Each structure stands twice: as C-alpha cells, then as structure tokens.
Amino acid sequence: MSENKHVSHSSLSETEHIDVEAVLAEFDRESNTRHYAGVPKKIVRYFLAAFSVYVFYMNLLSTWPEQIRRASFVGLIIFAAFMLYPARKKSAKKVNYVPWYDIIIGLVGSACFFYYVANFETIARKATRISQFDMIVGLIGIIVIAEVCRRVVGIPILVVAGAFVVYAFSTGYSLTRVVYTLFYTLEGVIGTPIGVCSTFIVLFIILGAFLEKTNIGSFFIDLANSIAGRATGGPAKVAVIASAMEGMYSGSSVANTVGSGSVTIPIMKKTGYDKDFAAAVEAAASTGGQIMPPIMGAAAFLMAEMTELPYATIALAAVFPAILYFSGIFLAVHFEAKKLGLKGLPKESIPNFFKLLLSRGYLLIPILVLIFTMSYGFTPSRAACLAILAAIIVSSFRKETRLSPSAFVDALETGARNTIGVAAACAIAGIIVGIVALTGIGLRLADMLLMLSGGIDILALILTMIACIILGMGVPTTANYVIMATITAPIILKLIPGTPVLAAHMFVFYFGIVADITPPVALAAYAGAAISGGNPIRTGVIATRLAIAAFIIPYIFVLNPTMLLINASFGELVQIVITSMIGMFAISSGLGGFMRKTMPWWQRILAVAAGVALIDPGLVTDLIGLVVIGLICVLQFASRDKTTPAVG
C-alpha cells in the first residue's frame, strides 16, 4: 500500500540521494516489476485501473455467486502478474519486453479460472465426479498461480504449501480429489483467504494508494517532527512516531521501511546514530506499524472476519500492546541518544504542531471516516469505499493535494499493482487451508506440539512462536495472518484450553509480523540496511532487540488476557498501564546498557528480568519487579558516572 514519501519540510528534505525504487526492487519482490514506456505503458496502466474499477463493481453492485467472484478475481490477477513480473529479477530491466512464453502462460492460467467461471453450474452439479479435462484445467490453474506466487512473493510460502500437498498425497488422497478440493471448491485457491482479499483487503489497498496521493505520508513525518524533533536524539524518535502512523494503512513492512526510511535514516546518521542502529530503528518501527490500531495494515478487519468478533473490540484490544511496543522502541532510542550524547534538531527547523494540524489535519478525515463507519457496523467493504470517497473529497481542499484525473488513475493503478502480491499469497494460503480441511493435519500438528512440549504451556507457546516466525518469512502481512490463523491459532486453543480466541489470534499475528525483522530473512532489516549502508544481519539483530516487546507481550496475551482488556476491571487496567510502562523502561535500559549512566552486566540482567515481571499482570510479579527496578534506579541516580553524558 506504500509508495515513495516526499517530505515538504526543509529539515527533513536535505538528505543524501537514495534510489528508493532500486531498494524496493531488491528487497520487496512486489516492487520488482517490468518497465514499460509509450503505448505499452498506457495499456498496462489502464488495464490495472480498470481492474480496480472492476473490484468496486464486484463488491458494490454484482450479485454473482462467490465462486464466480473469486475465480474471476484470481484470473485477472494471474494475467496482470505475468504482464508485470518477470521470471527473473534481471529481466525487469528491459523496457517493453514480455517473453512470448509469459504471454501464453498468463493467458492459459487466466483461462483456467475463467473456464470455471463459464462452467460453474455444470461443475457444481458434478461435485467430485469431475472429468479428466476438468482435472487437467484445475491442475494447470494451480501450477500457474504457484508460479505467480514465486515471482511476486517468493519461495518460502510455496515450500510450506508444497509440504502440505505432499502430505495429502502421502495419506492416500488421489490427484483428482486434491485438484478438485484445491481448485473447484471454496476450501482451496478460491477459499476464505481469496474471499477476504477480493472483498475488503483489495479495497483497503486501494484506499492506501489514494491516501498516498494526498501526501499523507509527508504530513505524518512533519507531524512526528513537530512532536519529537527537538527531543534528545529527535530524528530517531521522529522515525518511530512517523512509522507507527504510516504503518496503520501500509500493508508492507518493507515498503514502509523504504518509504519513510529514505528520509529518516540519513537524518539519524547525521545526528550521530550508528548506521546499523538507524536502519534497525526504522525497520522495527515500520514493522510495528502493522500492529498499530485502528487499521493494523487491514489485519484488524481481517481478524474481525476470522474470529467473528466486532471490529471495535479488536481495535480497542490492540491499543495497549501497540503502545507498549512503540514505547519500548522510543525508550531504546532515547537511552542510546543519552549514551552517545546526541541532541535534537534545531528549533528553527521544527514545524509548529498546531499550525500543521490546522493547515493539513484534514488529511486525517478519511481514516476517521473508516474508523467511525466500521465502529457503527458498516461492512469493511463499504467502510473502505466511503473512506476512499472521503480521501478524494479532502484532497480537493488544497491545490498541492488535489487529485487530478491523472493522479486519480495513478491511485487506481497503484492499488491494483499492490494487490497482486497479496492476492497471490492468499491464493497459496488457500491451498494450505484446503489441505488442512481435507486431511485434518491441523489436529495432528497440535498433537505433535503437545507431545514436544510435554504439556508445559510456556514451552508449547515457544514452539508455536518458532512455527509462526518460520511460516511468516517473506509473506505479506494479510496473507501471513491468514496462514497463522488457519494453522497455528487453533493449535494454541487446543494446547491451552480456556485461551480466549482473540488472545490466540493476536499471539500468532504478532509473531508472524516480527518475521520481517528476525534474522536470517528479516526483509525489513535488509531494506533498512540497504539505505543506511550498514550490515543487514547486525541491523536485524538490533531491530529484534528494539522490538523486544513484540517477543514478550504475546505470551501475556495467552497467559493473562487482561492486557487485551478481556474481563479487565478499571483498577486492573490502571495497574497494567502503570506497571507495564515501568517494565518497558527497565527492559529498554537493560538491553541498551544505559539509564542515567552505563549499567554493569548484572544490573542489565536484573533490569530486563524485573521489566518482564512488571509486564506480566499480577500483584506478586509487580511487587518483585518494582522492588528490583527501584534498587537499580537508586544505584543509577545516586552518583554520576563521569565517563558518560549527563542527563538534562
């Protein structure tokens, strides 16, 4: 959902030149597209814009059966993918070049799904007794959509899906039965993931494209600059705040890292931050944007669909964990700045907060429309459409944000482009879902984890966390969550009886997201390092440390769901807020090795342990944590270490 961000304020515009498109093409497979010029460029542009218009028609006006809606959606996605994405990265550099075999494969793959559309009623009557020709068509369609996923998303998710398909064959299911399930039913390629993608995820992606056209990204950066620019280590804090706000509507950690990082990372380096640390701050904050309510990169609406809980319940439950996550990063950059003796940006370069709100605050109206309409019971599709309409209207308030006809088509085109990767991943996620439904392997996986964990809850959660991180490597946020919700969330519910459904889904969602900064894959960290010129593995390690809250809080979701406001009284809520914030303060200082002065190793260990105890809601753990942290604070503030910068 992200494009390049352009910053209007002078303090943040004087940055070193960064080829944003090159970085995106390198680390974000969805951005590695063919180059067109002249008439071919116009043909592709208007085809993609027409696809977005088709999506609006399909969702708002059509009364087609779900099978027809979803199959036609995938058919168009396949053709667009083969026109835009080459088989190899190097081939993307050629202008107006599409190999003849890509055209043929794209047409054949699309034809397979449109064959289903044209013969839907006949095939529905046949049920599992499909003909040999039907089976061949389905098999080709599955293979082609797998190739689309390889080109656009990557191999990891295909390996997982392939393992599930092999398992189905190993348990005795025939090729015809597997193809029928995966191609001709609503439990395969055109299953729930594509159903969700073709209804409201695609509309939120288009909404993100329209929001970008209003320059809301640069507004967020300027707003963050007005809030934190003058503070100690200001540019890093600006990056944290801006990425949190941008991440709400961005569906890609990598695109968010590159978009805002192209501005914030050079400024952080100039301020005095280490290049790896600067890249890690941006990667961790941009990845965390995916868990930032009220939108959560469209995951909030997807979670409402998967859990059958009200959107408002999910958005509200996600607020405090997100605040803790970003507080942890914010405190970490603060302590790092104190340790290095870094200052903020000069006063004259900081925009006025209230003037910014008065002059450009109207850009927030589409997001407010989205929140209010969803809260009042509108369907996600209609809420997204109303938010898009609001974005078009508010863009006309000022000349520099006004959407010209060309910019309007640009937004439709960008929305369609950004949909391809998510749709491809959702289609493959549908294969995983279909095999789980066909074979019942989900229960077997739960039994296996139960055996490995020996019935110990915390060990079962650790194993589930590892599975989530592996399954989430290189997969877009929304498809990532669908996979987690299908495979790993039911495992938690079985392993730990009594766990609230929302807690289980939040657990797997968080760990699926942090795969973007967890080495060795860590795509967001790699993208940040490409901008900073740093070491990607070291950047990933630092980003993981900065995002430590995301590795602690999910365990609390399951073991003590009051953090998600589940059955929490007002008194418990106040206690959780105060103690958890103190806990993040302790963890951040302990991991950074600095509070008022440099911390010896034993203080660092105690600080982290006490912080974890405070984040876990409970009277005993809170008392232990407060006593230990109080002791460390006395030692830190009693005398001053002359070798480190003073606070003040």
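Source: prediction; values computed, not measured.
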Considering only residues two or more places apart or on different chains, which pairs with a residue in residues 576-585 satisfy salt bridge (charged side-chain N to carboxylate O under 4.0 Å, His left out)? none
Mark yes or no for whether Asn560, through its side chain, and Ile556, through its backbone, hold a donor-acceptor pair below 3.5 Å. no
Which side-chain N or O atoms in residues 314-327 pair as donor and acceptor under 3.5 Å with protein atoms at least two apart or in another chain?
from   : atom 1 : to     : atom 2 : distance (Å)
Tyr325 : OH     : Ala284 : O      : 2.7
Ser327 : OG     : Ile323 : O      : 2.7

To check you understand the geometry: which heavy-atom pair defines the closest contact between Ile428 and Ala161, and what is its length? CG2-CB, 3.5 Å
Among all residues two or more places apart in sequence or in another chain, which pass the side-chain hydrogen bond (donor to acceptor under 3.5 Å, both in side chains) test with Gln67? none
Nearest heavy-atom neighbours spanning Pro193 and Val433: CG-CG2, 4.2 Å
Flag the pair Leu363 / Phe397 as yes when at least one side-chain heavy-atom distance between them is below 4.5 Å, and no otherwise. no
How would you list all residue pairs meeting ring pair (Phe, Tyr, Trp, His ring centres under 6.0 Å) that involve residues 426-447, not counting sequence neighbours? none
Given 3.5 Å as the limit, does a donor-acceptor pair link the side chain of Thr199 with the main chain of Val196, or not? yes
Please state whether the rings of Phe200 and Phe204 are parallel, tilted or perpendicular, taking 30° and 60° as the class boundaries. perpendicular
Backbone of Ala586 reached by a side-chain donor or acceptor of Ser589 within 3.5 Å: yes
Just wondering, do Phe56 and Ile206 contact through their side chains at under 4.5 Å, heavy atoms? yes
What closest approach, in Å, do Val240 and Ala285 show between heavy atoms, and which atom pair accounts for it? CA-CB, 3.9 Å
So which atom in Ala424 and which in Val153 form the shortest heavy-atom distance, rounded to 0.1 Å? CB-CG2, 4.3 Å
Those residues at least two apart in sequence (or on a different chain) that pass side-chain hydrogen bond (donor to acceptor under 3.5 Å, both in side chains) with Asp457 are none
Between Leu386 and Thr373 the two heavy atoms that sit nearest each other are CD1-CG2, 3.9 Å
Thr313 meets the side-chain hydrogen bond (donor to acceptor under 3.5 Å, both in side chains) criterion, sequence neighbours left out, with none
Thr264 side chain to Glu282 side chain, donor-acceptor N/O pair below 3.5 angstrom: yes
Quick one: salt bridge (charged side-chain N to carboxylate O under 4.0 Å, His left out) pairs with a partner in residues 436-450, sequence neighbours left out? Asp447-Lys494
Thr185: partners by side-chain hydrogen bond (donor to acceptor under 3.5 Å, both in side chains), with sequence neighbours left out: none
Donor-acceptor pairs under 3.5 angstrom involving side-chain atoms of residues 376-384: please list them, not counting sequence neighbours.
from   : atom 1 : to     : atom 2 : distance (Å)
Thr379 : OG1    : Arg382 : N      : 3.3

Atom CE in Met58, atom CH2 in Trp64: separation rounded to 0.5 Å? 7.5 Å
Expected list for residues 507-514: side-chain donor-acceptor pairs under 3.5 angstrom, two or more places apart:
none

In short, salt bridge (charged side-chain N to carboxylate O under 4.0 Å, His left out) pairs touching residues 313-327 with sequence neighbours left out are none
Which atom of Val254 lies closest to which atom of Ala527, heavy atoms considered: CG1-CB, 4.0 Å
Got Ser588 and Phe330 here, is their nearest side-chain heavy-atom distance under 4.5 Å? no
Less than 4.5 Å apart, side chain to side chain, heavy atoms only: is that true for Cys197 and Arg70? no
Can you check whether Leu412's main-chain N or O pairs, donor with acceptor, with Ser52's side chain at less than 3.5 Å? yes
With Asp622, which residues qualify under side-chain contact (heavy atoms from CB on, under 4.5 Å), at least two apart? Gln575, Thr579, Leu614
